[in-house]
Participant: 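The structure follows.
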Amino acid sequence: MTRIAFIGLGNMGSGMCANLCRAGFTVQAFDLVPQAIERAVSDGAHAARSAAEAATGADVVISMLPAGDHVLDLYFGAGRVAEAVAQSVDDAGRPAPLLIDCSTIAVAQAREAFERASAIGLTMLDAPVSGGVAAAGAGSLTFMVGGASDGFQRAQPVFEAMAANVFHAGEAGNGQAAKIANNMLLGVSMIATCEAFHLAEALGLDAQTFFDISSKASGQCWSMTTYCPAPGPVPTAPSNRDYQPGFSVAMMLKDLQLATSAASAHGADVDFGRAAEQAYAALATAGHDQRDFSVPMLALKGEL
Ligand code: NAD
């Protein structure tokens, strides 16, 4: 039976950990917040007193942390997870455990983590997710995975317990590359969708009429049909609950900053991505960082 260490039991990690328990894996859970561990235990996990303790003897280590510095520190710094894993392999002579980081982090940091893990004989995958808190709880996330094919194959049963879709994007860091390129597109398309509804309304169309037409015409996109920023046409969208997230302005800004800095490092022109980053940065600076990322709709209407 595969034994899993799960580290980072926040909004996303708690649901992912619960689904692994439900699928029958033995899970050792750790978070810096004791209440998060208690919740994981009530979902069927075993409590660990530290990340290193959770990782000792594990076949697979999964992390779901806020950002890249946390990830590098967990595995190779104060968290001592890579060291604990390598040590327990030496002691028991078992096959090297798989490290899977599901956090959204910089491509360069994912590649650094992969190199540092490889240097001590460990296989590491970057496996960021799309789908948000609801999909984490429902086990219907999309995983975008970078790293060696054999590691990807070994991880399949673990991904399947948490996922609706799993893609191998290629070498280390490519999962993060897919994630930030996708989310840059999402940020740009959300702002463009807000502007389209704003223009339609200024020209005399109500939101429902414009939605009915554009959702069947060439302007159709996810930001419109699944997450409509104008209240009404899509009842489950955050626009119908005063723009409570959902996916917050702060999270979109984080992903756009990752995208634009990776673009700078690799000489890619992403002018609209940068414009979206500036728009979300302005919203965050104005104190709207915890509202849903469809809130530019309210700003355009002068209601923020
Ligand atoms: P979160 O802040 O709710 O959870 C992060 C958890 O990590 C917290 O419980 C925190 O206590 C814990 N943590 C931090 N450092 C730790 C350490 N050293 N050891 C153990 N635990 C530690 O964040 P989240 O919303 O769950 O997001 C996690 C990651 O997933 C982020 O990288 C985010 O960008 C990404 N993501 C989030 C969403 C979303 O909708 N929330 C969607 C896709 C991707």
Side-chain angles (χ1 to χ4, degrees), residues 5-19 27-40 43 45 47-55 58 61-84 99-107 109-110 113 126-145 162-165 175-176 178-184 186-187 190 222 226-227 238 244-259 280 289-294:
F6 202 108
I7 300 158
L9 306 158
N11 292 322
M12 297 292 288
S14 57
M16 295 161 70
C17 178
N19 282 318
V27 182
Q28 302 280 341
F30 180 70
D31 194 288
L32 297 176
V33 177
Q35 293 87 332
I37 302 179
E38 285 165 22
R39 185 173 46 178
D43 290 331
R49 284 169 298 183
S50 69
E53 182 183 285
V61 179
I62 301 177
S63 49
M64 193 52 166
L65 303 183
D69 290 348
H70 302 94
V71 173
L72 291 173
D73 195 49
L74 174 79
Y75 285 101
F76 309 106
R80 297 180 39 253
V81 165
E83 186 190 322
L99 312 182
I100 306 176
D101 178 47
C102 298
S103 327
T104 303
I105 72 172
V107 174
Q109 286 181 309
D126 51 293
V129 301
S130 180
V133 177
S140 59
L141 291 166
T142 294
F143 283 80
M144 312 165 201
V145 186
M162 303 183 281
N165 299 292
Q176 298 292 351
K179 167 76 185 175
I180 58 169
N182 178 75
N183 276 25
M184 185 181 78
L186 177 63
M190 176 54 78
W222 186 94
T226 304
Y227 215 87
Q244 295 308 306
F247 189 63
S248 68
V249 164
M251 285 185 167
M252 176 50 80
L253 179 57
K254 171 194 165 184
D255 291 357
L256 286 166
Q257 286 168 337
L258 288 173
Y280 283 108
D289 55 317
Q290 292 312 315
R291 298 195 87 176
D292 187 73
F293 86 113
S294 55

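Heavy-atom basis, side chains included; hydrogens, waters and symmetry copies ignored. Counting convention: from 1, in listed order, for ligands and their atoms alike. Throughout, numbering of the chain's residues begins at 1 and tracks the sequence.
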Participant: Do the side chains of His70 and Ser103 get nearer than 4.5 Å, heavy atoms only?
Facilitator: no
Participant: Return the closest protein heavy atom for atom 21 (N) of ligand 1 as residue, atom name and distance.
Facilitator: Leu32 N, 3.5 Å
Participant: If you count the atoms of ligand 1 from 1 in the order shown, which ones are under 4.0 Å from a heavy atom of Ile7?
Facilitator: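 Contacts of ligand 1 toward Ile7, numbered from 1: 19 (N), 20 (C).
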Participant: Do me a favour and list the nearest non-hydrogen protein atom to atom 4 (O) of ligand 1 with residue, atom name and distance?
Facilitator: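 Checked against all protein heavy atoms, atom 4 (O) of ligand 1 sits closest to Gly10 CA, 3.3 Å.
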Participant: Can you list the ligand 1 atoms lying under 4.0 Å from a non-hydrogen atom of Phe247?
Facilitator: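 Matching atoms, with element in brackets: 40 (O).
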Participant: Roughly how far, to the nearest 0.5 Å, is the CE atom of Met251 from the CG atom of Asp292?
Facilitator: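 So the CG of Asp292 and the CE of Met251 are separated by 11.0 Å.
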Participant: So, does Asn19 use its side chain to make a donor-acceptor pair with the main chain of Ala136 at under 3.5 Å?
Facilitator: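 Yes; at least one donor-acceptor contact below 3.5 Å.
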Participant: Tell me the protein heavy atom at minimum distance from atom 40 (O) of ligand 1, and give that distance in Å.
Facilitator: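 Answer, as residue, atom name and distance: Gly132 CA, 3.5 Å.
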Participant: Could you measure the distance from the CZ atom of Phe6 to the CZ atom of Phe30? Nearest 0.5 Å is fine.
Facilitator: 13.5 Å
Participant: Can you tell me which residue and heavy atom of the protein come closest to atom 6 (C) of ligand 1, and the distance to 0.1 Å?
Facilitator: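 Closest protein heavy atom to atom 6 (C) of ligand 1: Asp31 OD2, 3.7 Å.
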Participant: So do Ile7 and Val61 actually touch side chain to side chain, heavy atoms under 4.5 Å?
Facilitator: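 Yes. Closest side-chain heavy atoms under 4.5 Å.
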Participant: How many angstroms lie between atom OG of Ser63 and atom CG of Asp101, to the nearest 0.5 angstrom?
Facilitator: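 Nearest 0.5 Å value for the OG-CG distance: 3.5 Å.
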Participant: Please list, in number order, the atoms of ligand 1 under 4.0 Å from a heavy atom of Val33.
Facilitator: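 Atoms satisfying the 4.0 Å criterion: 11 (O).
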Participant: For Met12, is at least one N or O under 3.5 Å away from an N or O on ligand 1?
Facilitator: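 In this structure, Met12 places an N or O atom under 3.5 Å from an N or O of ligand 1.
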Participant: Any nitrogen or oxygen of Leu65, side chain or backbone, less than 3.5 Å from one on ligand 1?
Facilitator: yes
Participant: Taking only residues two or more places apart in sequence, or in another chain, which ones meet Ala52 in a side chain to side chain contact (heavy atoms under 4.5 Å, CB included)?
Facilitator: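 Ser50, Arg80, Ala84.
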Participant: If the cut-off is 4.0 Å to any non-hydrogen atom of Thr104, which atoms of ligand 1 fall inside it?
Facilitator: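 With Thr104 as reference, the close atoms of ligand 1 come out as 32 (O), 34 (O), 35 (C), 44 (C).
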Participant: I'd like to check which ligand 1 atoms, numbered from 1 as shown, lie under 4.0 Å from a non-hydrogen atom of Lys179.
Facilitator: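 With Lys179 as reference, the close atoms of ligand 1 come out as 43 (C), 44 (C).
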Participant: Counting only heavy atoms not in Asp69, do more than 12 fall under 6.0 Å of its CG?
Facilitator: no
Participant: Can you check whether a protein heavy atom sits less than 4.0 angstrom from atom 30 (O) of ligand 1?
Facilitator: yes
Participant: If you measure every N or O of Ser103 against every N or O of ligand 1, does any of those distances drop under 3.5 Å?
Facilitator: no
Participant: Would you call Pro66 a ligand 1 contact, heavy-atom distance under 4.0 Å?
Facilitator: yes
Participant: Identify which of Gln35, Lys254, Met251, Met64 has a heavy atom lying nearest to atom 34 (O) of ligand 1.
Facilitator: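 Nearest option to atom 34 (O) of ligand 1, by heavy atoms: Lys254.
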Participant: Is the Tyr227-Phe247 ring centre distance short of 6.0 angstrom?
Facilitator: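 Ring centroids of Tyr227 and Phe247 are no less than 6.0 Å from each other.
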Participant: Under 3.5 Å between any N/O of Asn11 and any N/O of ligand 1: does that happen in this structure?
Facilitator: yes
Participant: Within the distance-only criterion (no hydrogens, no angle test), does the side chain of Lys179 pair as donor or acceptor with the backbone N or O of Ile105 below 3.5 angstrom?
Facilitator: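 Between the backbone of Ile105 and the side chain of Lys179 there is no qualifying donor-acceptor contact (under 3.5 Å).
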